[in-house]
Amino acid sequence: MEQLAVVWRAMALDRDPDADVRDLPGLAVRWADSRFAFWNCVTLTEAGAGAELLARRLAEAAEIMRAKRRPGFLWLFEDLLAEEARGALAVAAERAGLRYAFPGTAMAGDLLPIPDPSHPELTFARVTTAAQLESYADLNSRGYGFPLEDGRDGLAGSALWTSGVHAYLALRGDLPVACAATVEAAGRLFVLLVATDPRWQRRGYGEAVTRKALYEGARATGLTRATLHATAAGAPVYPRIGFVPHSPMGFYGLRE
């Protein structure tokens, strides 16, 4: 949760210097109001919240989300909740006007450094140009089912993504087929926006480019621990690299 709050603060402000990046009692708001919904985030920050407190925080989060122009997600780390609150979560979310969107898993590992990766079908290129950044955005849009324009709105023109983030494309010849990135965050290397073009999935491309981003990020920073938040599609891949699953996550949007 703390890694999310640190990284998403930078990502929201990268999109909009006036982004909503408040730290409220029990809630962290990281909302760029971008068309790229992942940059619009609220998360619960208290450990051990009971059912009554959970219901109040969910209602507060939903109120914040309703006031925004663009849709986004509440990221909820279920292991931060007391057992009674986990049992009451589904009902509390419904009462707050939230809908369960998709699952995730928070993972971490003391796994760095790793060997310089290779794949017989791929070469790797660091994202340093506007064209490469657009390819990175398009891979995420295709991988997560967003319109291309939404992904481009999340990354286009970013100096952070072409310098401070270790973002890599996996290429088959000249064709970008997968991407992954790492960024330094509070003593950890954080993995973000891993995606594979659906036409090229199940070939090991996502794992290979994730290893490349980790290898280069660790080489540049000297960090040894990495964290990430995996979607269901990525969850089987990351333990092969050395990540250990910790907390189940739920992503929630506003109910229409």
Side-chain angles (χ1 to χ4, degrees), residues 1-16 19-34 36-49 54 57-58 60-62 64-65 68 70-81 85-86 89 93 98 100-111 140 144 154-155 158 160-161 164-167 180-195 210 213-214 217 221 223 225-235 238 243-253:
M1 177 273 294
E2 291 171 353
Q3 287 280 294
L4 174 67
V6 169
V7 174
W8 254 242
R9 178 185 177 88
M11 296 302 154
L13 291 173
D14 177 60
R15 285 295 82 199
D16 181 358
D20 187 354
V21 291
R22 292 173 290 163
D23 291 296
L24 305 173
L27 294 171
V29 184
R30 303 290 187 262
W31 204 282
D33 237 4
S34 169
F36 187 58
F38 282 145
W39 291 162
N40 305 329
C41 164
V42 181
T43 190
L44 276 59
T45 58
E46 289 154 321
L54 170 66
R57 295 298 185 229
L58 291 179
E60 292 167 350
I64 291 169
M65 294 166 73
K68 302 303 184 183
R70 302 286 188 188
F73 297 107
L74 166 69
W75 300 43
L76 196 148
F77 296 84
E78 295 178 13
D79 278 0
L80 286 180
L81 304 176
R86 290 196 292 272
L89 175 56
L98 297 167
Y100 185 79
F102 54 90
T105 307
M107 300 188 186
D110 296 302
L111 53 94
N140 271 268
Y144 293 107
L155 293 177
S158 172
L160 175 64
W161 273 81
V165 175
H166 304 278
T182 57
V183 65
E184 184 174 0
R188 306 287 187 268
L189 204 59
F190 188 90
V191 180
L192 70 167
L193 296 196
V194 179
T210 300
L214 283 164
T221 64
L223 295 172
R225 186 167 179 83
T227 59
L228 59 80
H229 304 133
T231 62
Y238 301 119
F243 286 93
V244 178
H246 287 285
S247 175
M249 299 171 60
F251 291 77
Y252 294 79

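Values reported hereafter were calculated over all heavy atoms of this structure, with side chains retained and with hydrogens, waters and symmetry mates removed. Residues: numbered from 1 along the sequence shown. This is a predicted model, so every value here is computed, not measured.
Thr227 pairs by the side chain to side chain donor-acceptor pair (under 3.5 Å) definition with Gln3, not counting sequence neighbours.
One distance of note links CZ of Phe36 with CZ of Arg70; it measures 14.0 Å at 0.5 Å rounding. Rounding to the nearest 0.5 Å gives a distance of 12.5 Å between CZ of Arg57 and OG1 of Thr43. With rounding to the nearest 0.5 Å, the separation of CG in Leu58 from CG in Leu76 is 6.5 Å. Atom NZ of Lys68 sits about 9.0 Å away from atom CG of Asn40, to the nearest 0.5 Å. We find the CG-CG distance between Leu89 and Leu98 to be 9.5 Å, quoted to the nearest 0.5 Å. Note that CE of Met1 and CH2 of Trp75 are 13.5 Å apart. Values are rounded to the nearest 0.5 Å.
Contact detail for Met11 and Val165: the closest heavy-atom pair is CE-CG2, 4.1 Å. Counting all heavy atoms, side chain and backbone alike, Thr105 lies closest to Met249 at C-SD, 3.9 Å. Between Ala213 and Thr182, the closest heavy-atom pair is O-OG1, 2.9 Å. Taking all atoms of both residues into account, the shortest heavy-atom contact from Ala32 to Ala19 is CA-CB, 4.0 Å. The minimum heavy-atom distance between Leu54 and Leu44, with the atom names listed, is CD1-CD2, 3.7 Å. Annotation for Asp23 and Ala28: closest pair OD1-CB, 3.8 Å, computed over non-hydrogen atoms.
By the 30° and 60° cut-offs, the orientation of the rings of Phe38 relative to Phe73 is tilted. Classified by interplanar angle (parallel below 30°, tilted 30° to 60°, perpendicular above 60°), the ring pair Phe102/Phe251 is parallel.
Side chain of Arg22 to main chain of Val29: no donor-acceptor pair is present (N/O by atom type, distance under 3.5 Å, no hydrogens or angles).
The shortest distance between side-chain heavy atoms of Phe190 and Val6 does not fall below 4.5 Å. Between Asp79 and His246 the shortest side-chain heavy-atom distance does not fall below 4.5 Å.
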side-chain contact (heavy atoms from CB on, under 4.5 Å) between Trp39 and Leu155, worked out: CA-CA 10 Å; Trp39 291 162; Leu155 293 177; 4.1 Å; yes
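The side chain to side chain donor-acceptor pair (under 3.5 Å) analysis of residues 4-16, with sequence neighbours excluded, yields the pairs Asp14-Ser158.
For an aromatic pair to be called close, the ring centres must be under 6.0 Å apart, and Phe77 with His229 satisfies this.
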